[in-house]
Amino acid sequence: MIIQRPSLFFQEILMAVNAETLNNGFVRTGTDSISAAETGGKLIVLTAPLTESIDHAGYFIQMAMASLPIWLEGILNRKYPKWREIERYEDGSAKYMPAGVRLVEKSLERAYSKDDIVSCFPEDLDKFVGPNTRVVAVSTHNPLGVTFAAGVYTSIFGSSKMPINSHYARQLFAQIKSNKYRDNFKVIVGGSGGWQIIQTDMYDELGIDCVVEGRSESQDTLDLFEKAIAGEDLPKEITVKHPQERDAILFPDTRTTFGVVEMTTGCGRRCKFCVPDLNPQIDLPKDKIMNAVRANVREGNKQISLATEDMFIWGQVHTDIPFYFPNREALVDLYKSVVETPGVEQHVLSHSTIAPAVVDPIMIKELSELLLPKSPIHFPYLSSHPEKKALAPLIGLETGSVKMAKKIMPGKGVPFPIDHWQSVVLEGLKVLNENNWFPAMTLIVGNPDETDEDIMETLDLVYEMERRGLFAFLIPSIFTPLHDTRMEMEKGVTQTRELSKLQWQLMMKCWKMNLRPGQYSWWGPTAWRLGSIGMWLYKLRKLNGPNFTYPLLMFSGAISEKRLAKMGKIYVGKPIETLSRAELIKSVNPKMWQHFRADCGDLPGDVSAATA
């Protein structure tokens with residue numbers, strides 16, 4: 001099954017269900033539901049946890065559900081009371097599903113009739129799982145809550161290690177396990193969370209027969225389903241091949257959750273902690289991307305998001321120019337086609353890297369002019385756009401320590417040397433902010449062999465952002481050795497009680513800066529102070545240990561950072577001397593200077609003269 005992309009910070013996107021809803025939540029569109037016992041059920045049933053399938057309230061709610069512990073679900077219920085409302089087709093099948101489920105559906109249609117396959121929401125499984133069912137396939141990206149962010153924030157907010165997503169995933173597996181026809185079918189699990197089941201050996205507890213890692217286009221996938229339908233024993237774990245050519249990648253021809261359409265696979269920067277970078281670097285054909293966009297619109301989707309590990313490599317893969325010099329014209333043309341498609345009312349960005357903003361600032365400006373009018377995101381206290389609109393891609397910052405960056409992500413800043421990583425981040429963020437891009441930037445805390453000096457360098461960078469008036473949503477999380485990566489056998493910090501004072505300060509400083517735009521009201525700062533101290537007194541001082549105390553007081557604002565620094569309780573960061581864009585370009589191998597665009601300026605003198 002296709003790897004699911006992690007969710008981003010976005011504001012809510014309201015969904016209107018223009019149909020009469022029955023008491024059981026089934027959307028009436030002209031027919032009543034018929035039980036699986038009457039029809040015999042579908043041969044193959046595809047599903048995903050409700051929290052990963054919903055197409056309501058935007059990406060923010062999915063990210064919150066992937067991170068917050070289950071006991072905080074009530075907050076989301078109050079904020080988004082209609083989040084459980086879902087849309088169905090006349091036969092009761094799901095009107096939208098995660099892109100991974102839709103891809104499996106498309107892949108299986110090469111060997112099976114559409115009438116034999118259904119994608120449905122968890123609460124509708126009894127309508128489709130019957131005596132004739134031979135496979136129930138589940139796609140999930142966080143079944144056990146073992147992700148970069150989930151373990152950290154469930155620990156920070158409470159003793160439960162089960163985020164909301166994990167709760168609903170387990171609920172789904174329990175439902176399948178207890179189905180009266182369970183002895184007749186195999187349970188196959190895919191998605192980016194499959195490794196969690198493998199590493200914890202939760203097969204029996206969750207009632208799973210086989211976990212698939214890889215993409216469903218592979219012939220291996222069809223062979224696996226054939227064995228399952230024949231009732232043969234399945235391997236507990238199987239890795240299926242990733243397509244090596246762009247034409248071998250399939251596109252769903254129906255609606256996906258949030259209008260996700262795949263744009264690229266792989267990245268090419270070779271970060272050691274990253275799973276998607278293990279995939280081949282492929283940019284997908286524009287005509288197929290646009291067909292998938294139009295299919296989403298045809299089925300009622302008004303929002304599109306192009307899924308990618310780095311949007312800026314599209315149009316520059318396997319060309320004569322290195323992929324880290326973006327193809328401005330190709331990117332602008334693609335995004336222009338997407339946002340100008342009739343019926344597309346909203347568009348949100350997926351993942352990117354920050355170095356391309358330094359390489360080609362004019363590209364950022366041109367993309368902004370195209371994409372801001374269709375962005376559903378509004379940051380009233382940050383954006384200079386007339387309607388206060390903004391763009392918020394997910395970008396990996398990971399560390400401010402040059403030593404640590406060399407160890408875990410030496411290619412993160414190319415074409416610029418990783419020695420100048422802090423300069424690349426600050427210069428790139430300046431370009432992005434000037435064009436109303438306010439990215440969500442991830443950081444990893446507790447890397448193997450991380451020292452206090454590494455954390456202090458990262459704090460230097462964070463404080464420098466603040467001093468320069470730059471803004472990004474900084475999302476720190478504890479190091480997680482992800483399956484199959486080059487760091488899967490390494491060990492860093494594993495529990496929040498193990499975090500040092502500096503590591504806690506970094507995490508809480510990031511969140512303090514993140515909340516800054518929401519504290520312009522008269523009540524905001526007071527509410528945060530009282531709430532933070534109340535949670536500390538109630539639970540967090542015991543849960544997170546003594547190193548958490550002063551960083552929390554810094555976060556709450558109960559004691560000023562200046563006073564805490566004088567008391568020797570926090571480190572306030574020292575100013576950073578950084579390189580300008582012109583100086584960064586000079587630091588690049590001179591053979592690469594020819595690939596910088598002359599209209600962006602700052603080129604070394606001899607290159608400028610040659611391109612004049």
Side-chain angles (χ1 to χ4, degrees), residues 1 4 24-26 33 35-54 65 70 84 86 88 92-94 97-98 100-102 104-105 108 112 116-145 162 164-198 200-213 216 221 224-225 227-238 257:
M1 297 186 181
Q4 305 289 313
N24 66 357
F26 187 86
S33 61
S35 70
E38 296 175 83
T39 64
K42 294 288 188 178
L43 181 68
I44 301 170
V45 178
L46 310 177
T47 190
L50 178 64
T51 50
E52 298 179 24
S53 305
I54 56 171
M65 287 177 170
I70 185 62
R84 289 181 180 83
I86 46 183
R88 302 170 174 86
S93 62
M97 270 275 133
V101 175
R102 290 303 195 198
V104 175
E105 189 175 45
L108 291 173
Y112 302 95
D116 290 331
I117 307 166
V118 70
S119 294
C120 71
F121 296 114
E123 64 186 67
D124 298 321
L125 283 171
D126 289 343
K127 299 184 179 78
F128 298 105
V129 177
N132 296 336
T133 301
R134 294 295 176 265
V135 180
V136 174
V138 180
S139 177
T140 177
H141 68 249
N142 191 28
L144 304 181
M162 184 183 293
I164 298 169
N165 248 6
S166 177
H167 170 80
Y168 278 87
R170 286 172 177 264
Q171 193 177 73
L172 170 59
F173 286 119
Q175 181 183 352
I176 296 170
K177 189 176 182 179
S178 64
N179 188 278
K180 63 182 178 180
Y181 301 110
R182 177 62 184 90
D183 291 340
N184 296 349
F185 60 81
K186 303 292 186 182
V187 176
I188 299 175
V189 173
S192 60
W195 67 273
Q196 299 178 18
I197 296 163
I198 295 170
T200 56
D201 196 24
M202 295 282 283
Y203 294 90
D204 292 339
E205 182 175 332
L206 299 179
I208 295 167
D209 294 294
C210 178
V211 173
V212 183
E213 295 198 293
S216 60
T221 303
L224 179 70
F225 274 77
K227 290 179 65 175
I229 290 169
E232 299 178 23
D233 291 337
L234 303 182
K236 294 180 71 173
E237 174 188 356
I238 183 172
T257 298

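Just so you know, these numbers use all the heavy atoms, side chains as well, and skip hydrogens, waters and symmetry mates.
- Here F121 contributes atom CZ and R84 contributes atom CZ; the two are 14.0 Å apart, rounded to the nearest 0.5 Å.
- Between D233 and K186, the shortest heavy-atom contact is OD1-NZ, 4.2 Å.
- Every residue was checked against the salt bridge (Lys or Arg N to Asp or Glu O under 4.0 Å) condition with R134, not counting sequence neighbours, and none meets it.
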### Message
Could you go through N132 and Y181, starting from their C-alpha distance and side-chain angles, then the distance that decides it, and tell me whether this counts as side chain to side chain contact (heavy atoms under 4.5 Å, CB included)?
### Response
CA-CA 9 Å; N132 296 336; Y181 301 110; over 6 Å; no
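- To the nearest 0.5 angstrom, S216 atom OG is 7.0 Å from L108 atom CG.
- In this structure, F173 and R170 have side chains that are not in contact, with every pair of non-hydrogen atoms separated by 4.5 Å or more.
- Contact annotation: the side chain of L46 never approaches that of M97 to less than 4.5 Å [non-hydrogen atoms, C-beta and beyond].
- A distance of 5.0 Å separates CG of L144 from CD of Q196, quoted to the nearest 0.5 Å.
- Within the 4.5 Å cutoff, side-chain heavy atoms of N165 are placed close to those of H141.
- The minimum heavy-atom distance linking F225 with Y112 is given by the pair C-OH, 3.9 Å.
- Counting heavy atoms from C-beta outward, P98 and S53 have side chains that approach closer than 4.5 Å.
- Between R102 and S119, the closest side-chain pair of non-hydrogen atoms falls below 4.5 Å.
- With rounding to the nearest 0.5 Å, the separation of CG in L50 from CD1 in I164 is 11.5 Å.
- When all heavy atoms of P131 and N184 are compared, the closest pair comes out as O-ND2, 3.6 Å.
- When each of V212, I208, D209 is checked for a side chain to side chain contact (heavy atoms under 4.5 Å, CB included) with V189, only I208 meets the rule.
- In this structure the side chain of K42 never reaches within 4.5 angstrom of the side chain of V136, judged on heavy atoms.
- Between T47 and C120, the shortest heavy-atom distance links the atoms OG1-O, 2.8 Å.
- The two residues T140 and P49 have their closest heavy-atom pair at OG1-CG, 4.0 Å.
- The closest side-chain heavy-atom distance from V135 to I229 is below 4.5 Å.
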### Query
Given the rule in the side chain to side chain contact (heavy atoms under 4.5 Å, CB included) test, do I198 and E213 qualify, once you have shown the distances and angles that lead to the verdict?
CA-CA 10 Å; I198 295 170; E213 295 198 293; 3.9 Å; yes
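- Atom CD in Q175 sits 8.5 Å away from atom CD in E123 (nearest 0.5 Å).
- Between R182 and V129, the closest side-chain pair of non-hydrogen atoms is not below 4.5 Å.
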### Task
Any chance you could lay out the side chain to side chain contact (heavy atoms under 4.5 Å, CB included) test for D126 and N179, step after step, and finish with the verdict?
CA-CA 8 Å; D126 289 343; N179 188 278; 3.4 Å; yes
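- Of all non-hydrogen atoms in A48 and P122, the two that sit nearest each other are O-CG, 3.2 Å.
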### Query
Can you check side chain to side chain contact (heavy atoms under 4.5 Å, CB included) on V101 and T257, steps first, answer last?
CA-CA 10 Å; V101 175; T257 298; over 6 Å; no
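- A donor-acceptor pair is defined here as one N or O able to donate and one able to accept, closer than 3.5 Å; such a pair exists between the side chain of K177 and the backbone of D204.
- Annotation: salt bridge (Lys or Arg N to Asp or Glu O under 4.0 Å) contacts of K236 (sequence neighbours excluded): D201.
- Annotation: the span from F185 atom CZ to I176 atom CD1 amounts to 6.5 Å, rounded to 0.5 Å.
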